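Remarks on the structure that follows.
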Amino acid sequence: MVSGLINANPVIYEKKQRQQRSTQSLPADEYAVEPIDQLEIFDHIRDIKDPEHPYSLEELKVITEEAVEVDDQNSYVRVTFTPTVEHCSMATIIGLCLRVKLLRSLPSRYKVDIRVAPGSHATEAAVNKQLNDKERVAAALENPNLVDMVDECLAPSYD
Amino acid sequence: MERLELKEVQKLEGHTDRVWSLDWNPATGHAGVPLVFASCSGDKTVRIWEQNLSNSLFSCKAVLEETHTRTVRSCAWSPSGKLLATASFDATTAIWENVGGDFECVSTLEGHENEVKSVSWNASGTLLATCSRDKSVWIWEVQPGNEFECVSVLQGHTQDVKMVRWHPTEDILFSCSYDNNIKVWADEGDSDDWQCVQTLGEPNNGHTSTVWALSFNASGDKMVTCSDDLSLKVWETDNIGMQSGGGFAPWRHRCTLTGYHERTIFSVHWSRGGIFASGAADNAIRLFVDNNESQVDGPLYKLLLKKEKAHDMDINYVQWSPGEKPLLASASDDGTIKVWDLGS
């Protein structure tokens, strides 16, 4: 495992206030399907814990609401995350956490792309390629150590 | 011209996780032998499906389980159809023998450091190739008594190797990889001296991202490859196999098909009738044929048809069946296999 923290002193940001969905906005027809929007997806992933700090991805500004792009009609989501440091070796773990959480939360019709923000990581292309190779993701998720690590990071996001 | 249509004949359920791959048994589908294929899945099992000759419907005849401990990524029948090889993320390749309808695991090939991703038999059934995330390609010789001896470990790819395929008539091996390259391997010295004789990569008009699969046309002088770069590429050679002087006839880029797929193309397979099918992460199946009315500088291949929403999720594998009137089978992340009939 990792000896010594990759980023020993990360900057912590305030959590964005949770928006309560107003009751007025409920559709008249309670059976109508409400499209999945940016905030709904952000809510699924904002509380994921950073792999090496006791803070959430939101508190570290690894993800923001604006970093979520969603096209519900075409069942497409793209999440762009920003590692706290350029050489963050945790980037693939963070990406894996995001992918697993969305895999478990979104309807199976969804296509999900996960990427690091352009210019935010030294090996951006390599990280992006690995995160979007579903065969590698599938193999990683059969690795008990990795799954433990991912589940630990995801735990607060289910509260 | 009559309008062709890809009709869904049957949807096969049974796997409890994504279906990664399938392989039609080449010894079936003619002379009164019902069509058979094997499928493999993230559920760690292999299923054997057989067509009922009276109603043409497929049903599951056997489930091969409790041998592989992780995802079974690919499967391949020997040319005689008697043996089935299965490659798994558990780093092993299992060899199964059909003994009166029961499948017995008769051999387990160990050696790769981690996930085995693909397995392929040569035309005569005397050699087997496997490839892995460990970046290597292994060649195994089939010995009497279901023994398999590793005769060569080929290093050359710089990333995991996604697929290996033997040429349909020659003992020349092709591999494609996460490193964006396709490599051609041949035994030039005739003494298990396997070497990389060609690399088809970006400098040769090759792919710019992971190459997931490759397939040959019936005569073996053309090959089609598909990639995460959303393109299909057709390659050709003047002389299959080795030239009379002992040299290797290189492959060259013939054309690139882009603008058809919206997401990663995981699979491509060329039928004996000259139609190649592709399956992609956009849930669609597309069929391409030679563009006969090709004017000078016109495209060499054209889209014959596109079947949108062929599956509810990514399509991982497509393959045409043997026999006079081939059926197309597709395997998907949605856990199902579909059998399709191309008709008008």
Side-chain angles (χ1 to χ4, degrees), chain A residues 33 36 69-80 89 91-93 95-96 98-116 118 121-150, chain B residues 17-21 41-44 68-74 87-91 114-118 131-134 158-163 177-180 208-213 227-229 262-264 266 280-283 309 311-317 332-336:
Chain A
V33 181
I36 292 172
E69 296 160 80
V70 56
D71 177 351
D72 186 63
Q73 210 155 24
N74 292 308
S75 306
Y76 177 73
V77 173
R78 182 167 73 175
V79 176
T80 305
S89 60
T92 49
I93 299 289
L96 194 60
L98 291 166
R99 183 166 285 288
V100 171
K101 186 66 205 285
L102 293 177
L103 199 70
R104 292 178 185 168
S105 314
L106 293 175
S108 62
R109 65 184 162 90
Y110 263 86
K111 305 287 183 186
V112 178
D113 285 335
I114 309 276
R115 61 167 192 167
V116 294
H121 199 274
T123 56
E124 184 182 321
V127 172
N128 288 341
K129 190 172 184 179
Q130 192 167 348
L131 287 175
N132 293 297
D133 180 317
K134 74 172 185 188
E135 188 182 38
R136 287 202 172 195
V137 171
L141 296 178
E142 288 184 358
N143 175 335
N145 295 330
L146 265 176
V147 171
D148 283 351
M149 204 192 269
V150 168
Chain B
D17 200 329
R18 66 157 60 101
V19 190
W20 273 113
S21 186
S41 160
D43 69 10
K44 309 183 180 76
H68 288 301
T69 56
R70 293 182 57 187
T71 285
V72 187
R73 179 63 181 88
S74 84
S88 168
F89 283 2
D90 69 12
N114 47 39
E115 297 95 299
V116 187
K117 305 202 160 179
S118 175
C131 64
S132 162
R133 182 163 67 87
D134 69 13
T158 58
Q159 295 285 344
D160 58 314
V161 188
K162 296 298 194 185
M163 183 187 253
S177 165
Y178 187 90
D179 70 11
N180 309 351
T208 56
S209 190
T210 303
V211 189
W212 280 96
S227 165
D228 180 56
D229 69 11
E262 290 143 38
R263 292 186 70 80
T264 306
F266 289 117
D282 58 15
N283 307 359
K309 297 180 181 149
H311 280 272
D312 295 334
M313 294 174 73
D314 293 8
I315 297 170
N316 297 321
Y317 207 80
S332 166
D333 272 2
D334 66 17
T336 71

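Fair warning: this is a prediction, and the values are worked out from it, not measured in the lab. Sequence lines set the chain letters: A, B, ... in the order given, protein chains first and strands last, and positions in each chain run from 1.
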Quiz item: Considering only heavy atoms, which portion of Asp334(B) lies under 4.5 Å from any heavy atom of chain A: side chain, backbone, both, or neither?
Solution: neither

Practice problem: Using non-hydrogen atoms and a 4.5 Å limit, figure out which bit of Tyr178(B) sits close to chain A: side chain, backbone, both or neither. | Solution: both

Practice problem: Test side chain to side chain contact (heavy atoms under 4.5 Å, CB included) on Asp72(A) and Tyr110(A) and set out the steps. | Solution: CA-CA 8 Å; Asp72(A) 186 63; Tyr110(A) 263 86; 2.4 Å; yes

Top contributor to chain A interface from [options] [non-hydrogen pairs under 4.5 Å]:
| options | answer |
| --- | --- |
| Gln159(B), Glu115(B), Lys162(B) | Lys162(B) |
| Arg18(B), Arg133(B), Arg70(B) | Arg70(B) |
| Thr210(B), Asn114(B), Asp312(B) | Thr210(B) |

Self-check item: Residues of residues 126-136 of chain A with any heavy atom under 4.5 Å of a heavy atom in chain B
Solution: Ala126(A), Lys129(A), Gln130(A), Asp133(A), Lys134(A), Glu135(A), Arg136(A)

Practice problem: Under the salt bridge (Lys or Arg N to Asp or Glu O under 4.0 Å) rule, collect the residues that match up with Asp17(B), sequence neighbours excluded. | Solution: none

Quiz item: How many angstroms lie between atom CG of Leu102(A) and atom CG of Asp113(A), to the nearest 0.5 angstrom?
Solution: 11.0 Å

Exercise. Enter the distance from Asp228(B):CG to Trp212(B):CH2 here, rounded to the nearest 0.5 Å.
Key: 8.0 Å

Quiz item: Hey, mind stepping through Tyr76(A) and Arg263(B) against side chain to side chain contact (heavy atoms under 4.5 Å, CB included) and telling me if it holds?
Solution: CA-CA 11 Å; Tyr76(A) 177 73; Arg263(B) 292 186 70 80; 3.5 Å; yes

Quiz item: Taking Asn316(B) for the side chain and Ser21(B) for the main chain, is one N or O donor matched with an acceptor at less than 3.5 Å?
Solution: no

Quiz item: Would you say Asp71(A) and Glu69(A) make side-chain contact, with heavy atoms under 4.5 Å?
Solution: no

Exercise. Could you tell me whether Lys111(A) and Asp314(B) have a side-chain N and a carboxylate O separated by less than 4.0 Å?
Key: yes

